[in-house]
**Q** 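This is the structure, below, for whatever I ask next.
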Amino acid sequence: MSPIRLVFGKPYHLPVELEYRAFWVVKQCNFNIDEAGRHRKLQLRELEELRNNSYENSRIYKEKTKCFHDKSITRKHIEQGHRVLLYHSRLKLFLGKLRSRWIGPFVVIKTFDHGAVEIQSEETGQIFKVNGNRLKPFYEGFYANDLEIIHLDFPTC
């Protein structure tokens, strides 16, 4: 340290006793370098431990969130011979409020392990593979001949 310093852009001289006090304080603070090094290493280890704990907590949180999300997902069981509807993704460009995004029905010919499904169009007979997530079961409406009619009589008192 030099006795001449710049304060507000102007040089000035510190009194000698202040200069020596500053040297003494700096010497006192840095006197035990080994102890300061050990303390710094301890701080770095604590910081690393906090980081590891936060990573572990975030991993646990993500696992719990994924488990909660997966519980709410309904699995589709599509087997050979089922009738299904196919999501028509091209309709996203020209949406209509009342226009259905599902086309079909199609008949399932074969299901693969990796989620793909081979379907056949009932109208054209064309066979092609699609992602199983784009399919949903086709439920046919009730027919009049499937219903049972029960006649109720008025109660007699």
**Q** With sequence neighbours excluded, tell me which residues meet side chain to side chain contact (heavy atoms under 4.5 Å, CB included) with L47.
**A**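 Partners of L47 by the side chain to side chain contact (heavy atoms under 4.5 Å, CB included) criterion, ordered by chain and then number, come out as R51.
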**Q** Enumerate the residue pairs fulfilling ring-ring contact (aromatic ring centres under 6.0 Å, His included) with a member in residues 106-134, sequence neighbours excluded, ordered by first and then second residue.
**A**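 ring-ring contact (aromatic ring centres under 6.0 Å, His included) check on residues 106-134 returns F106-F128, F112-H114.
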**Q** Please list all pairs passing the salt bridge (Lys or Arg N to Asp or Glu O under 4.0 Å) test where one or both residues lie in residues 54-73, with sequence neighbours left out.
**A**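 Residue pairs passing salt bridge (Lys or Arg N to Asp or Glu O under 4.0 Å), neighbours aside: E56-R59, R59-E63, K66-D70.
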**Q** Kindly give the heavy-atom pair with the smallest separation between W102 and K136, and that separation in Å.
**A**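 Smallest heavy-atom distance, with atoms named: NE1-NZ, 3.6 Å.
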**Q** Which pairs pass ring-ring contact (aromatic ring centres under 6.0 Å, His included) with one or both residues in residues 44-70, sequence neighbours excluded?
**A**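 Passing the test, one end in residues 44-70: no pairs.
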**Q** Output all residues satisfying side chain to side chain contact (heavy atoms under 4.5 Å, CB included) with L44, sequence neighbours left out; order by chain, then residue number.
**A**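 Per chain and number, L44 pairs via side chain to side chain contact (heavy atoms under 4.5 Å, CB included) with R40.
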**Q** What is the minimum heavy-atom distance between L85 and F138, and which atoms define it?
**A**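 Scanning both residues, the minimum pair turns out to be CD2-CD1, 3.5 Å.
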**Q** Among the clusters formed by ILVMFWY side chains lying less than 4.5 Å apart, do V107 and I78 turn up in the same one?
**A**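 Shared cluster, no.
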**Q** For a 4.5 angstrom cut-off between non-hydrogen side-chain atoms, does R38 reach L42?
**A**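 They are not in contact (no side-chain heavy atoms under 4.5 Å apart), so the answer is no.
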**Q** Rounded at 0.5 Å granularity, tell me how far CD in E48 sits from CG in N53.
**A**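 Between E48 CD and N53 CG, I get 10.5 Å after rounding to 0.5 Å.
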**Q** Enumerate the residue pairs fulfilling salt bridge (Lys or Arg N to Asp or Glu O under 4.0 Å) with a member in residues 116-127, sequence neighbours excluded, ordered by first and then second residue.
**A**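 For residues 116-127: R83-E122.
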**Q** In the hydrophobic clustering that connects Ile, Leu, Val, Met, Phe, Trp and Tyr at side-chain heavy-atom distances below 4.5 Å, which members other than I127 occupy its cluster, ordered by chain and number?
**A**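 Grouped by the 4.5 Å side-chain rule, I109 form the rest of the cluster around I127.
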**Q** Would you compute the distance between atom NE2 of H82 and atom CG of L135 and round it to the nearest 0.5 angstrom?
**A**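 Between H82 NE2 and L135 CG, I get 12.5 Å after rounding to 0.5 Å.
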**Q** Mind checking what makes side-chain hydrogen bond (donor to acceptor under 3.5 Å, both in side chains) contact with T124, not counting sequence neighbours?
**A**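 T124 satisfies side-chain hydrogen bond (donor to acceptor under 3.5 Å, both in side chains) with S121 only.
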